[in-house]
Colleague: 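First the structure, which I've put down as structure tokens, then a few questions once you've had a look.
Each chain gets a letter, A, B and so on, in the order its sequence line appears, and its residues count up from 1. Just so it is clear, the model here is predicted, and its values are computed rather than measured.
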2 protein chains.
Amino acid sequence: MSRLESAPTLATVAAEAGVSRQTVSNALNSPELLRPETLERVQEAIGRLGYSPNRAARNLRTRTSHLIGLRIEPAVEDSANALMDRFLHSLVESTRDAGYHLLLFTGTETGSDVSSGDARPLDAVDGYDELLRSAAVDAFVVTDTYRGNPQAAFLEERGVPFVAFGRPWAEPHARHPWVDVDGRAGVQLAVDHLVERGHQRVAWVGWQKGSFIGEDRRSGWADRMHDHTLSTSRLSARGDDTLDFGRRAAHALLDSEHPTAFVCASDTLAMGVLRALDERGLRPGRDVAVVGFDDSLAAQVCTPGLTSVRQPLEQAAVEIVRLLGDLLGHREVEHRGLTLTPTLSVRASS
Amino acid sequence: MSRLESAPTLATVAAEAGVSRQTVSNALNSPELLRPETLERVQEAIGRLGYSPNRAARNLRTRTSHLIGLRIEPAVEDSANALMDRFLHSLVESTRDAGYHLLLFTGTETGSDVSSGDARPLDAVDGYDELLRSAAVDAFVVTDTYRGNPQAAFLEERGVPFVAFGRPWAEPHARHPWVDVDGRAGVQLAVDHLVERGHQRVAWVGWQKGSFIGEDRRSGWADRMHDHTLSTSRLSARGDDTLDFGRRAAHALLDSEHPTAFVCASDTLAMGVLRALDERGLRPGRDVAVVGFDDSLAAQVCTPGLTSVRQPLEQAAVEIVRLLGDLLGHREVEHRGLTLTPTLSVRASS
DNA sequence: ATGAAAGCGCTAACAT
DNA sequence: ATGTTAGCGCTTTCAT
């Protein structure tokens, strides 16, 4: 292939410009060292030849890859949870602006030979280790911190640079940098919004105990209701993050407690509530208000639009990359943890 | 950092096992060359030291990166289009199984300084060139082929290995391998489904002329309707891929032609149709049937569920990686183009 | 401000 | 079946 034969190297450029290889390297990495006229001559040669420094060689020499690893988890179907799309894109843009690229990976497959019995469950740490030891990436962005984050301990112990999207709920003394969104504040926004519109019986449909994020969001509802001197008694339902649980919870609550509004821990649950309302002939936004969490595409396009708490994912990505830059540039990391405040996307469902 | 000091190399392992560096390399890359007992001794040493070959060094030597480049486009809001999530994940898994990783990139930002006037439009080829010249990736997966694919010509000309997800609509003689989903067949599935349920006046809500994919999908409707000897006259609307256009198109068609069913070129449009039905007090699935395209999360969780054409993205990813493997392994590529057949996810909207 | 020498860790080619 | 030699393309160090 022509592109392989011809690929210019430092030496090619040096010959073309009539300087030494080292000077070309300096033109790239420390242009201030060159006399302006030399610099220009080299840059011209670079342009003429279409030269780009070979990444592998540079990586080997500098012991950096300029790659950030991100483990992505299986897409969950039948849920409204398409956070990743927005976050991922912002992350790619932010990393690009910082001179990095994103490398995607997953945990090890449980193996196609299921019968062999050696199908390991997906280890939280799976995949990180190999990339690390082979020096394939310089750092990680760790996103799945909802159950506490076992990766964090592992990575921290090894002195690996990483930034978490999500607080270290289970290890308050963890020392790695993180960025998170204040779910509690988001739900408070939702409660305020509903109370402003005259709702007094505002129900919560959330996740089972044991989820830090779930409890955090729920506390936004409970505390804010109390701030408004409104009762939360028997107005809370907890279950799986599924459409069907949202639906059943709504039916049960409507049967017994007659709430006029629902705040949900996720859009998936909220879509379940909407389903239940439809089944009872109730109009969302007119008869009963519903607010979701995540501002998923489903929330945006469903009928009627679903009011939802929107995480500032773009900003989160930017901050994460900034922290990463501090870490990798051996600069002082300004803050260990940064909490961003979500907004409320108000639509017809409330 | 301890991990940097200690990182074992081939030499470390060789010393530990009492063999030469080359033998360790062979143990890794051509284990069949080693005497079983030597192999075991080396593997033991590798395990003991936690050795992983340095990627940069290997890349430099072999002139491969084992990285596949994928350009991701900005996430479009207010649309149901979250294809990428599913596709991306499958692609990561498939590439991993093939011993590769996915490297994400975007085109160059148009620049934050809008006033300067040097904000370039996003070039279709943007981003590919640099990764290529720096040998950062071995190959690309090209996904955004809907307007014809200018990248394809560019990459093909340079002899770059790549596989497109999407036919080369505009260049039928393009010689690169591609995988696509038969949108036309998907829509035919939808029409059959509706006709089976007794619908005769089935309307089409699609995109403006000039979109190859749009015309392909539309032809599935038009031709299949004719196969069923049903009229398509005045039953077609064309416009932007937005909720609002779907909504307006549905209102207009319902006012004039009284269709009993809608087939849409996308879930976004279908959600618009659902919106219109709601505004007219019509029940989707009872009064009027609606079918979308993409089987987005929104289709899955909205009320009532939206029947939608589902692309076999997982399979597409697998096939793409297989072709990539053929290409990179300098094996014969079985087929230039592979067209997969979608399925229909039937839900309450029909 | 520019050049020469050395070497990052690996594998291909060639010995033995 | 194992060892030796060379070199991938770059940057770091040191000399000029």
Colleague: For Arg63(A) and dG9(C), is the shortest distance between a side-chain N/O and OP1 or OP2 below 4.0 Å?
Modeller: yes
Colleague: Between dG9(D), dT11(C), dC10(C), which nucleotide gets closest to the side-chain atoms of Thr9(A)?
Modeller: dG9(D)
Colleague: Does a side-chain N or O from Thr23(B) land closer than 4.0 Å to OP1 or OP2 of dT2(D), or not?
Modeller: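 Indeed not, no polar side-chain atom of Thr23(B) lies that close.
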Colleague: For dT11(D), take OP1 and OP2 only and decide whether either is under 4.0 Å from a side-chain N or O of Ser25(A).
Modeller: yes
Colleague: Can you tell which of dC10(D), dT2(C), dG9(C) lies closest to the side chain of Ala57(B)?
Modeller: dG9(C)
Colleague: State whether the number of non-hydrogen atoms from other residues, nucleotides or ligands found under 6.0 Å of Glu332(B) atom CD is greater than 12.
Modeller: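 Result for CD/Glu332(B): open.
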Colleague: Quick check: on DNA chain C, is the nucleotide nearest Ala11(B) upstream (toward 5') of the one nearest Thr38(A), or the reverse? Name the residue that is more 5'.
Modeller: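 The answer here is Thr38(A).
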Colleague: Hey, what's the ring geometry for Phe87(A) with Phe165(A), parallel, tilted or perpendicular (30° and 60° as the breaks)?
Modeller: parallel
Colleague: Which nucleotide wins on minimum distance to the side chain of Gln22(B), given the candidates dA12(C), dT2(D), dG3(C)?
Modeller: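 My answer, after comparing the listed nucleotides, is dA12(C).
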Colleague: Determine, for Glu130(B) against Arg55(A), whether the closest basic-nitrogen to carboxylate-oxygen distance falls under 4.0 angstrom.
Modeller: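 Judged by the 4.0 Å cut-off on N to carboxylate O distance, Glu130(B) and Arg55(A) do form a salt bridge.
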Colleague: Which of these nucleotides, dG9(C), dA1(C), dT11(C), is closest to any side-chain atom of Leu60(B)?
Modeller: dG9(C)
Colleague: Look at the side-chain N and O atoms of Arg21(B) and state whether any lies under 4.0 Å from the OP1 or OP2 oxygen of dG3(D).
Modeller: no
Colleague: Taking OP1 and OP2 of dC10(D), is either one under 4.0 Å from a side-chain nitrogen or oxygen of Arg55(A)?
Modeller: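 So the side chain of Arg55(A) is outside the cut-off, no N or O lying under 4.0 Å from OP1 or OP2 of dC10(D).
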Colleague: Any side-chain donor paired with an acceptor under 3.5 Å for Ser65(A) and Asn59(A)?
Modeller: no
Colleague: Could you work out which one of dA5(C), dT2(D), dT11(C) sits closest to the side chain of Thr62(B)?
Modeller: dT11(C)
Colleague: Under 4.0 Å between any heavy atoms, over every strand shown, what does Asn59(A) touch: base, sugar-phosphate, or nothing? Just pick one.
Modeller: nothing
Colleague: Asn29(B) side chain N/O closer than 4.0 Å to the phosphate oxygens (OP1, OP2) of dT11(C)?
Modeller: yes
Colleague: If you pin Arg41(B) and Asn54(A) to their nearest nucleotides in DNA chain D, which one's is more 5'?
Modeller: Arg41(B)
